[in-house]
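Working notes, beginning with the structure itself.
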Amino acid sequence: MVQNRAALKGMRNQWAGGLLAMWIIAASSYAQTYAFRNVAGNATTNGGMDGTNGNAQLYAPSGAAVDSQGNLYVADQFNCTIRKITPVGTNWVVTTIAGSVQISGPLRDGTNSSALFNFPTGIAVDPSSNLFVADQYNYAIRKVTPLTGTTNWVVTTIAGQGPTKLPGFADGTNASAFFNQPSGLAVDGNSNVFVADQYNNAIRKISPVPGTTNWVVTTIAGQGPDTNGVANGTNTAAQFNAPSGIAMDSSGNLFVADQFNNEIRKMTPSGTNWIVTTIAGQGPGKTGFTDGTNTALFNHPTGLAVDTNGNVYVADEQNNTIRKLTPFGTNWLTTTIGGHALKSGTNNGSGTNDLFYSPFSLAVDGKGSVFVADMYNNTIRIGFPPPAILTAAPPFGLNQGQFEFNLAGPTAQLVVVEASSNLLAWLPIWTNTFGPGGLFFADPQPPPPPPRFYRARLP
């Protein structure tokens with residue numbers, strides 16, 4: 001079988017007594033690898049310079065979020081800055097919107113570079129394009145607000161006390177709350193912010209108080225810094241061990257990368273309660289790299305993202321891989337969509353041909369493209385989903401004896417269409433590159449074509 005294939009649909013047509021019979025066969029058992037390439041940064045050089053694509057510099061980016069317009073926001077950790085990456089055609093333009101390059105400092109609010117961060121790690125964006133940042137060594141959560149009609153961004157602190165206070169664990173309003181190296185963030189449609197409070201082994205919720213500038217911090221799961229574990233349960237009956245990443249789906253469920261437990265946890269809201277369950281991984285001491293259902297193995301998962309179909313994407317940091325969790329009823333199937341568990345590197349490509357070096361955080365846009373903060377490569381990568389054969393839109397099927405269909409896929413991505421008479425032996429029959437409007441395929445075999453199946457894959 002051909003490696004790195006992304007077969008989504010198979011079709012066969014067969015003449016029998018002058019009548020055409022057609023079957024549509026879903027090939028969901030095929031591994032669906034993604035094609036990854038660089039968006040910004042250069043693995044050979046770290047720094048804080050703005051610019052386009054590989055001319056821009058990053059330094060250990062650890063957080064990524066994407067807004068509804070396709071703009072990407074990055075917590076550029078070692079630069080102590082917040083970067084915006086804007087798509088312009090097929091290019092990506094990097095600008096610094098808050099913080100001062102490689103100047104970490106005490107918690108200081110302000111506009112653009114007058115604000116200071118201390119190793120910002122996680123980032124999330126709400127529907128109004130407000131950003132929320134986990135300012136890890138300031139032990140605080142910051143809000144970065146765009147000023148309408150300008151290119152300015154205003155940074156304010158909504159919770160936590162800054163480095164002049166020791167890290168701690170306390171709920172409360174604004175600066176009366178304490179955190180201990182907060183890492184991942186998620187935000188819902190009401191601007192409630194959810195925090196993976198890493199070394200408090202807890203998940204916190206920060207809620208805005210309507211009509212005020214106040215924010216109230218509560219603990220919704222986990223037991224604090226003195227109690228780490230792997231127990232499922234409701235609210236503070238549940239236990240975590242250094243939760244690092246967090247993401248929310250469209251139904252309000254939270255997913256947590258429970259880093260030192262090597263597990264992915266799900267938090268389901270039930271009234272005002274949160275029920276914590278484990279959906280993948282086998283617990284502390286069971287580190288490894290294995291795909292499968294429910295009991296897959298991970299090695300320090302750190303970042304998460306959820307797409308519109310409820311699939312969960314995992315930055316499996318110490319495996320140097322990107323994993324995908326697909327729900328099947330109450331089960332979750334884990335597959336690897338990029339990277340090589342036994343090798344780190346910077347190579348673009350698909351499947352195990354693509355290499356990462358400590359991927360830390362993820363974001364996914366409305367098209368299903370996956371953005372990766374590839375931390376020790378000092379780059380941001382984008383992974384395009386496998387090509388799709390469109391069966392719902394014409395033309396599809398026989399046209400004057402020739403079989404035709406449309407293909408959807410990312411612009412500039414190479415695609416190969418293969419044919420088979422038995423679903424075992426596959427022959428490449430057509431290669432092309434996606435343009436902005438997709439691709440039209442017509443079987444090059446003179447009509448009538450022989451009975452066969454078709455699939456599209458990444459090269």
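Only this structure's heavy atoms are used, side chains among them; waters, hydrogens and symmetry mates stay out.
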With no hydrogens and no angle check, is any side-chain donor or acceptor of [X] less than 3.5 Å from a backbone partner on [Y]?
{"X": "Asn241", "Y": "Asn261", "result": "no"}
{"X": "Asn347", "Y": "Leu355", "result": "no"}
{"X": "Asn320", "Y": "Ser358", "result": "yes"}
{"X": "Asn378", "Y": "Ala43", "result": "no"}
{"X": "Asn262", "Y": "Pro284", "result": "no"}
{"X": "Asp197", "Y": "Asn180", "result": "yes"}
{"X": "Arg265", "Y": "Gln239", "result": "yes"}
{"X": "Asn273", "Y": "Thr234", "result": "no"}
{"X": "Asn152", "Y": "Pro146", "result": "no"}
{"X": "Ser62", "Y": "Thr121", "result": "yes"}

**Message:** Would Phe298 and Ile264 count as a side-chain contact (heavy atoms from CB on, under 4.5 Å) here? Give the steps.
**Reply:** CA-CA 9 Å; Phe298 299 86; Ile264 309 303; 4.1 Å; yes
Regarding [X] and [Y], do their side chains bring together a donor and an acceptor under 3.5 Å, going by distance alone?
{"X": "Asn201", "Y": "Thr227", "result": "no"}
{"X": "Asp291", "Y": "Thr334", "result": "no"}
{"X": "Glu263", "Y": "Gln282", "result": "no"}
{"X": "Ser191", "Y": "Asp126", "result": "yes"}
{"X": "Gln57", "Y": "Thr45", "result": "no"}
{"X": "Asp76", "Y": "Tyr59", "result": "no"}

Heavy-atom pair with the smallest gap, counting every atom of [X] and [Y]:
{"X": "Ala296", "Y": "Arg323", "value": "CB-NH2, 4.3 Å"}
{"X": "Asp316", "Y": "Phe289", "value": "OD2-CD1, 4.4 Å"}
{"X": "Ser244", "Y": "Gln259", "value": "CB-OE1, 3.8 Å"}
{"X": "Ala231", "Y": "Ala237", "value": "CB-O, 4.2 Å"}
{"X": "Arg83", "Y": "Gly48", "value": "NH2-O, 3.4 Å"}
{"X": "Ala134", "Y": "Pro182", "value": "CB-O, 3.7 Å"}

**Message:** Quick one, Asp354 with Arg37, criterion salt bridge (Lys or Arg N to Asp or Glu O under 4.0 Å). Give me CA distance, side-chain angles, the key distance, then yes/no.
**Reply:** CA-CA 8 Å; Asp354 182 62; Arg37 63 174 183 247; over 6 Å; no
Rounded to the nearest 0.5 Å, how far does [atom2] of [Y] lie from [atom1] of [X]?
{"X": "Asn71", "Y": "Asp365", "atom1": "CG", "atom2": "CG", "value": "11.0 Å"}
{"X": "Ile82", "Y": "Ile123", "atom1": "CD1", "atom2": "CD1", "value": "4.5 Å"}
{"X": "Tyr357", "Y": "Asn377", "atom1": "OH", "atom2": "CG", "value": "8.5 Å"}
{"X": "Asn38", "Y": "Asp374", "atom1": "CG", "atom2": "CG", "value": "8.0 Å"}
{"X": "Arg108", "Y": "Leu116", "atom1": "CZ", "atom2": "CG", "value": "4.0 Å"}
{"X": "Ile141", "Y": "Ile158", "atom1": "CD1", "atom2": "CD1", "value": "7.0 Å"}

Student check: side-chain heavy atoms of [X] and [Y] closer than 4.5 Å:
{"X": "Phe194", "Y": "Asp188", "answer": "yes"}
{"X": "Asn130", "Y": "Lys143", "answer": "yes"}
{"X": "Ile206", "Y": "Val195", "answer": "yes"}
{"X": "Ile203", "Y": "Trp274", "answer": "no"}
{"X": "Phe328", "Y": "Leu333", "answer": "yes"}
{"X": "Phe371", "Y": "Val74", "answer": "no"}
{"X": "Ile382", "Y": "Ile380", "answer": "no"}
{"X": "Gln161", "Y": "Thr157", "answer": "no"}

**Prompt:** How far apart are the C-alpha atoms of Asn192 and Ser207, what are their side-chain angles, what is the distance that settles it, and do they pass the side-chain hydrogen bond (donor to acceptor under 3.5 Å, both in side chains) test?
**Reply:** CA-CA 5 Å; Asn192 297 297; Ser207 301; 3.1 Å; yes
**Request:** Look at the aromatic rings of Tyr73 and Trp153 and report parallel, tilted or perpendicular, splitting at 30° and 60°.
**Result:** perpendicular
**Prompt:** Could you go step by step and tell me if Val370 and Leu362 meet the side-chain contact (heavy atoms from CB on, under 4.5 Å) rule?
**Reply:** CA-CA 7 Å; Val370 178; Leu362 302 173; 4.1 Å; yes
**Request:** Any chance you could lay out the ring-ring contact (aromatic ring centres under 6.0 Å, His included) test for Phe78 and Phe119, step after step, and finish with the verdict?
**Result:** CA-CA 6 Å; Phe78 285 12; Phe119 287 79; 5.5 Å; yes
**Request:** Using the side-chain contact (heavy atoms from CB on, under 4.5 Å) rule, pick out the option among Thr302, Ile322, Leu304, Thr321 that qualifies with Val314.
**Result:** Leu304
Ring centres under 6.0 angstrom apart ([X], [Y]):
{"X": "Phe178", "Y": "Tyr139", "result": "no"}
{"X": "Phe441", "Y": "Phe405", "result": "yes"}
{"X": "Phe356", "Y": "Phe36", "result": "yes"}

**Item:** Arg142 and Phe117: CA distance, side-chain angles, deciding distance, side-chain contact (heavy atoms from CB on, under 4.5 Å) verdict
**Value:** CA-CA 9 Å; Arg142 320 287 292 277; Phe117 297 87; 3.8 Å; yes
**Request:** With side-chain contact (heavy atoms from CB on, under 4.5 Å) as the test, would you mind laying out the steps for Thr86 and Lys84 before giving the verdict?
**Result:** CA-CA 6 Å; Thr86 305; Lys84 181 180 181 180; 3.6 Å; yes
**Item:** Residue Tyr376 excluded, over 12 heavy atoms near OH under 6.0 Å
**Value:** no
**Asked** Above 12 or not: heavy atoms from other molecules or residues under 6.0 Å from CZ of Phe434?
**Response** yes
**Item:** Evaluation steps, side-chain hydrogen bond (donor to acceptor under 3.5 Å, both in side chains), between Asn253 and Ser251
**Value:** CA-CA 6 Å; Asn253 301 297; Ser251 299; 4.5 Å; no
